[in-house]
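From a predicted model like this one, the values you see are computed outputs, not experimental measurements.
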Amino acid sequence: MQDAKLIKFIDLFAGIGGIRKGFELACSELGFSAHCVFTSEIKPYAIDVLKQNHPDETISGDITKIESSEIPDFDFLLGGFPCQAFSAAGKRLGFEDTRGTLFFEVERILREKKPKGFLLENVEGLVNHDKKNPKDKIGRTLSIILEHLTLLGYKVNWRVLNAKDFGVPQDRKRIYITGSFVEQPNLENFEKKKSELSDILEKGLSVSDSKFVNLILSHYSVEQLYGMSIKDKRGGENNIHSWDIDYKGKTSKQEKEFLNLLLKERRKKKWAAEYGIDWMDGMPLTIDMIRNFYNADNLEDMLEDLVSKKYLKKEHPKRKVGNKRVQDDLLPLGYNIVAGKMSYEVAKVLDPKGIAPTLVAMDMEHLFVGDGTGIRKLSLREGLRLFGYPDDFKFNVNLKDGYDLLGNTVVVPVIKQVALRVLKICVGGMKNESECA
């Protein structure tokens, strides 16, 4: 007979074990002992981290190749099934993507093992994915998921929650889907806890000594950089452009003023009408168009000088061809900003009095923080803290792999609070099987 104080669970698509960690903390708070009886993960360096933290456990591989009968009986299923198929950062193919179909592995195991409850996590984009009617509350993909879970007999609930409301200084919205045979878990009215970046920052670490960073610091103090983005795609007070620091070559005050003006003008829809094409954000403008808002005697020479320094480029406006934009060489050449969201070593210097943006794998190495008289990348320990991992969590990986793992992990304190809601429904059932099965 199972120990009344023992809760058995499985961890699917485990990553580095964030959902597990939050669930274990919730069990501990309720006075229960949590025991993981099965873990599935396929990414080698994620498995390394799992083994660092759980050295006595065996990690299973591809869940699609594991029969349900091979999985020990358990009380709760945990799973952060792959999110790229629903993410705004991906192609959003959903169930057309093989990663999207991995939800049905969760369904298969729930059907055959019938655990008391489950906790699933995914990207916010899942909510509206494949929405046919703009007035619908949710898209077809989430509707299918909820329908399939309900047909298994579970009382299901879901909610989008933001990490910044759970004492973690990161703006990270994720959907949490929970279910129980007893009653629908309540996912409303969580106590809000706030924190700021300074709460998790380390001090006295090695700062960057790169040519690019030294160039930035020759124009701005560390404090002036707080909250500033560095890119040529947008304007605004909180943005530093390549010409502000003369990154590609010396620019005059006149050239700086012009580039800042062009940055905004190229986004206006009236120019698309003049070309006779569909509007796109950031179009090339001909010299005659430019003279409408900036008519200087030396305009042509200035434009050519900025092209030679690669602050500007010459290109034809783009037409829509199917789902793509293609330059139409029958339209006149125009001048456009050489723009790129992640063009530079530093994309943003985080404000210690603020919070981090949503951390994703491909962006993390471009986020910097101030440390003394310099700036540097986030340390892996700081990254873990931005997801609410305790400081005794082992994370012996290189920086690149670490950023990748962190960008795809979960926020532990949110998982803990959601898990508490589900566990409390079934706590009685752990002592009396008839109440919770």
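Contacts classified as ring-ring contact (aromatic ring centres under 6.0 Å, His included) and involving residues 183-225 (residues at least two apart or in different chains) are given here: Phe166-Phe190, Phe212-Tyr247, Phe212-Tyr344. Within the structure, every pair that satisfies the side chain to side chain donor-acceptor pair (under 3.5 Å) test and touches residues 275-289, not counting sequence neighbours, is listed here: Arg234-Asp281, Arg267-Asp281. The list of ring-ring contact (aromatic ring centres under 6.0 Å, His included) pairs with a residue in residues 380-409, not counting sequence neighbours, reads Tyr389-Phe393. Applying the salt bridge (Lys or Arg N to Asp or Glu O under 4.0 Å) test to pairs two or more places apart or on separate chains, those with a residue in residues 196-218 are Glu196-Lys353.
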Item to check | side chain to side chain contact (heavy atoms under 4.5 Å, CB included) assessment of Leu142 paired with Ile177 | outcome: CA-CA 10 Å; Leu142 180 56; Ile177 306 171; 4.0 Å; yes
Checklist entry - Do Gln254 and Tyr294 pass the side chain to side chain donor-acceptor pair (under 3.5 Å) test, and can you show the C-alpha distance, the side-chain angles, and the key distance before you say yes or no? => result CA-CA 11 Å; Gln254 179 193 17; Tyr294 194 90; 3.3 Å; yes
Item to check | CA sep, side-chain torsions, deciding dist, call: His241, Tyr311, ring pair (Phe, Tyr, Trp, His ring centres under 6.0 Å) | outcome: CA-CA 10 Å; His241 307 101; Tyr311 289 109; over 10 Å; no
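Side-chain atoms of Asp232 and Trp243 include no donor-acceptor pair closer than 3.5 Å. Using modelled atom types and a 3.5 Å distance limit, the side chains of Asp363 and His366 yield no donor-acceptor pair. In this structure, a donor-acceptor pair under 3.5 Å is absent between the side chains of Arg376 and Ser206. Residues Arg174 and Asn122 have side chains that never bring a donor and an acceptor to within less than 3.5 angstrom of each other. Between the side chains of Asp246 and Thr251, at least one donor N or O sits under 3.5 Å from an acceptor N or O. Inspection of the Ser210 and Glu345 side chains reveals an N or O donor paired with an N or O acceptor under 3.5 Å.
Every residue two or more places apart in sequence or in another chain that forms a salt bridge (Lys or Arg N to Asp or Glu O under 4.0 Å) with Lys313 is listed here: Glu315. Under the salt bridge (Lys or Arg N to Asp or Glu O under 4.0 Å) criterion, Lys314 pairs with Glu304, sequence neighbours left out. With sequence neighbours excluded, the residues satisfying side chain to side chain contact (heavy atoms under 4.5 Å, CB included) with Lys43 are Glu41, Tyr45, Ala46, Asp404, Leu405, Asn408. Partners of Lys113 by salt bridge (Lys or Arg N to Asp or Glu O under 4.0 Å), not counting sequence neighbours, listed by chain and number: Asp73. For Asp165, the side chain to side chain contact (heavy atoms under 4.5 Å, CB included) partners at least two apart in sequence or on another chain are Asn162, Lys192, Lys194. Every side chain to side chain contact (heavy atoms under 4.5 Å, CB included) that Glu274 has, sequence neighbours left out, goes to Trp271, Met289. Applying the ring pair (Phe, Tyr, Trp, His ring centres under 6.0 Å) criterion to His54, with sequence neighbours excluded, gives no partner residue. Evaluation of the salt bridge (Lys or Arg N to Asp or Glu O under 4.0 Å) rule for Lys394 yields no partner, not counting sequence neighbours.
Formation of a donor-acceptor pair under 3.5 Å by the Asp136 side chain with backbone atoms of Ile138 is not found in this model. With hydrogens and angles ignored, the 3.5 Å screen pairs a side-chain donor or acceptor of Lys309 with a backbone N or O of Lys250. Asp301 places no side-chain N or O within 3.5 Å of a backbone atom of Asn298 that could act as its donor or acceptor partner. Put simply, the side chain of Lys348 never gets that close to the backbone of Met228: no donor and acceptor are under 3.5 Å apart. Not a single donor-acceptor pair under 3.5 Å links the side chain of Arg140 to the backbone N or O of His129. In this structure, the side chain of Asn336 does not engage the main chain of Leu312 through any donor-acceptor pair within 3.5 Å. With His316 contributing its side chain and Gln327 its backbone, the two residues share no donor-acceptor pair below 3.5 Å.
In summary, Arg20 and Glu24 engage in a salt bridge, as defined by a charged side-chain N under 4.0 Å from a carboxylate O. With respect to Glu382 and Arg385, no salt bridge is recorded, no charged nitrogen being found less than 4.0 Å from a carboxylate O. Salt-bridge check for Lys51 with Glu57: failed, with every basic side-chain N at 4.0 Å or more from each acidic carboxylate O.
Phe293 and Phe258 have parallel rings, their planes meeting at less than 30° on a 0 to 90° scale where 60° marks the start of perpendicular.
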